[in-house]
There are 2 protein chains.
Amino acid sequence: MSDHPLQSKSVENFLKAVYALQEGDDRVATNTLSDVLNKTAPSVTDMAQRLESAGLVDYQKYRGVVLTEAGREIALKVIRRHRLIELYLVRELGYQLHEVHGEAEDLEHAVSDRFVEAIAKKLGDPVIDPHGDPIPSADGTLLYRHLMPLSELEPGRGGVIAQLKTSDPEMLQHMLDRGFPLQGRVEVIARDPFQGPTMALVNGIQRVVGYHVAECILIETSP
Amino acid sequence: MSDHPLQSKSVENFLKAVYALQEGDDRVATNTLSDVLNKTAPSVTDMAQRLESAGLVDYQKYRGVVLTEAGREIALKVIRRHRLIELYLVRELGYQLHEVHGEAEDLEHAVSDRFVEAIAKKLGDPVIDPHGDPIPSADGTLLYRHLMPLSELEPGRGGVIAQLKTSDPEMLQHMLDRGFPLQGRVEVIARDPFQGPTMALVNGIQRVVGYHVAECILIETSP
DNA sequence: CGGTAGTGTTCGCTCATTCTAACATAAGAA
DNA sequence: TTCTTATGTTAGAATGAGCGAACACTACCG
């Protein structure tokens, strides 16, 4: 079942990265992938060519890659695994939010479909992972929410913290340290210009956070 | 932490196999390993040489391998992982006994120490896995029990089924089908000669099982 | 003691994944 | 448009993991 011909850790990570970087129909540059995957550019080009001939991506010399339908399916499956595992680690095994990414990164390539569906069931078929990312359903459907970065919310506007968009454990920890937990009610008070810090009320307490971090705090806005 | 230089799936499986085959100080033949691991003989020799120079086994040309202390440590760690995972799958995720081996076989190479200790804790630091095998403790200690194969128990003698010593899901299922569950109280009634079937009472019900299967049903004997 | 059957090793290759160094192309500045 | 810098690609090599075919060693039989 999960023994497709080309299904190694590197392939899965490659497809996952392409999926993440490819908004809409934009082609993803090999060098961008090389950064994200921490591989040298030639390695990426090579993988792109191999996956092209496996029918998982459409690769064109000097023009980057896009996922084919087959590639997208695998990417979504891997993402489903990843996010379910993260949630499972938090809910069942007492992991802290900042610890789960690394662990899931390895496990997602080792678990069977049987395992994934067992934990999904145990968790009650969740659609949101502990970072607030949507969990693709088994058939590849994603919950859609219109979220805005905290950094773009006008003073006076507010909502609920819906997603902490970073896989860097340090940044995640920083967000929590600064008092921006998932599900927190937030209202922007002010923002300094020139990409300065944002001041906000979170659950009634005044908080401050830098611009680049605020970009990664996504808000489900309320009127 | 778990990023030792040479720690791949193949290495871990190799060490695990050597551990399992090496009773006492006997050297393990490369061809025996080649059978167990489902690899060709040259592959095994090759691995033996690589692990020799990594200091994990003592390999001597034409004389097979034995684990070094370092190799034994890794083997025990992998076995601990494997057995804890099996128990976890049964207890927490509703797996059937015959399903766990395969899944654990993959997961054991992907989980972190953090994960292993989290499930160990959740399970209450168990010392026996769902097949009745002892689970090595974190520092490598194994519960010792003196067990006898059902096939060697004289008629009239009995005890408790302590271990189902097979990793073949089919055989495992067969044992359960024939009415020999772990923890069952068993008393041998009779045995046919020439490696014939054993007749026994299990939890008061009369059961029959073939010789080769009875060899794999281990009994904690009572007087 | 010598020869053969069986066991174990070496050789030479392949594939996947990665790297560095050298080359090629595209795109914007002049 | 030409040139330069950015960005990408090929070439060539290494490593880990395997394989089949050919060779080497052991051990036992006579």
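Side chains included, hydrogens not; waters and symmetry mates left out as well; all remaining heavy atoms used. All figures in this text were calculated on a predicted structure; none of them were measured in a lab. So you know, we letter chains A, B, ... as the sequences are listed, proteins then strands, and number each from 1.
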Asks: What is the nucleic acid contact for B:Asp46, judged by heavy atoms within less than 4.0 Å: base, sugar-phosphate only, or nothing?
Replies: nothing
Asks: Would you please name every residue forming a salt bridge (charged side-chain N to carboxylate O under 4.0 Å, His left out) with A:Lys61, sequence neighbours left out?
Replies: none
Asks: With sequence neighbours left out, what residues match B:Lys9 under salt bridge (charged side-chain N to carboxylate O under 4.0 Å, His left out)?
Replies: B:Asp106
Asks: Measuring to OP1 and OP2 of D:dT10, would you say a side-chain N or O of A:Gln49 lies under 4.0 angstrom away?
Replies: yes
Asks: Sequence neighbours left out, what passes salt bridge (charged side-chain N to carboxylate O under 4.0 Å, His left out) with A:Glu152? Give chain and number order.
Replies: none
Asks: Nearest whole Å is fine: how far is C:dT25 P from A:Gln60 CD?
Replies: 16 Å
Asks: Pick one for D:dA14: is it syn, with its angle within 90° of 0, or anti?
Replies: anti
Asks: Tell me which nucleotide, if any, is Watson-Crick or G-U wobble paired with C:dT25 when both distances must be under 3.5 Å.
Replies: none
Asks: Rounded off to whole Å, could you give me the NZ-to-P distance for the A:Lys9 and D:dA17 pair?
Replies: 13 Å
Asks: What I want to find out is whether A:Arg114 reaches B:Glu99 closely enough, with some N-O distance under 4.0 Å, to be called a salt bridge.
Replies: yes
Asks: Can you sort out which residues in residues 30-45 of chain A have a heavy atom within less than 4.0 Å of DNA chain D? Ascending by number, please.
Replies: A:Thr30, A:Asn31, A:Ala41, A:Pro42, A:Thr45
Asks: Any N/O pairs under 3.5 Å between the protein and nucleotides 23-26 of chain D? List them or say none.
Replies:
residue	atom	partner	partner atom	Å
D:dC25	O4'	B:Tyr62	OH	3.3

Asks: What residues form a side chain to side chain donor-acceptor pair (under 3.5 Å) with B:Arg63, not counting sequence neighbours?
Replies: B:Gln60
Asks: What residues form a salt bridge (charged side-chain N to carboxylate O under 4.0 Å, His left out) with B:Arg191, not counting sequence neighbours?
Replies: none
Asks: Distance check needed: C:dT17 P versus A:Leu15 CG, whole Å only.
Replies: 11 Å
Asks: I need the residues from residues 63-71 of chain B with at least one non-hydrogen atom less than 4.0 Å from DNA chain D; give them sorted by number, or say none.
Replies: none
Asks: Could you check whether A:Phe14 gets within reach of a base, just the sugar-phosphate, or nothing at all, counting any heavy atom under 4.0 Å?
Replies: nothing
Asks: Counting Watson-Crick and G-U wobble pairs only, both distances under 3.5 Å, name the nucleotide matched with D:dA6, or none.
Replies: none
Asks: Only pairs at least two apart or in different chains count here, so list each salt bridge (charged side-chain N to carboxylate O under 4.0 Å, His left out) that has a residue in residues 11-24 of chain B.
Replies: B:Lys16-B:Glu105, B:Lys16-B:Glu108
Asks: In whole angstrom, what separates B:Arg27's CZ from C:dT7's C1'?
Replies: 16 Å
Asks: Rounded to whole angstrom units, what separation is found between the CG atom of A:Leu51 and the P atom of C:dA16?
Replies: 11 Å
Asks: Between the side chains of A:Ser137 and A:Asp139, does any donor sit under 3.5 Å from an acceptor?
Replies: yes
Asks: Tell me, which pairs form a side chain to side chain donor-acceptor pair (under 3.5 Å) where one or both residues lie in residues 208-217 of chain A, sequence neighbours left out?
Replies: A:His212-A:Glu215
Asks: Please report, to 0.1 Å, the donor-acceptor pairs under 3.5 Å made by any side chain of residues 124-136 of chain A, with sequence neighbours excluded.
Replies:
residue	atom	partner	partner atom	Å
A:Asp129	OD1	A:His131	N	2.7
A:Asp129	OD1	A:Gly132	N	3.0
A:Asp129	OD1	A:Asp133	N	2.9
A:His131	ND1	A:Glu86	OE1	2.9
A:Asp133	OD1	A:Gln163	NE2	2.5

Asks: Going by the rule ring-ring contact (aromatic ring centres under 6.0 Å, His included), which residues pair with B:His101 if we only count those two or more places apart in sequence or in a different chain?
Replies: B:His82
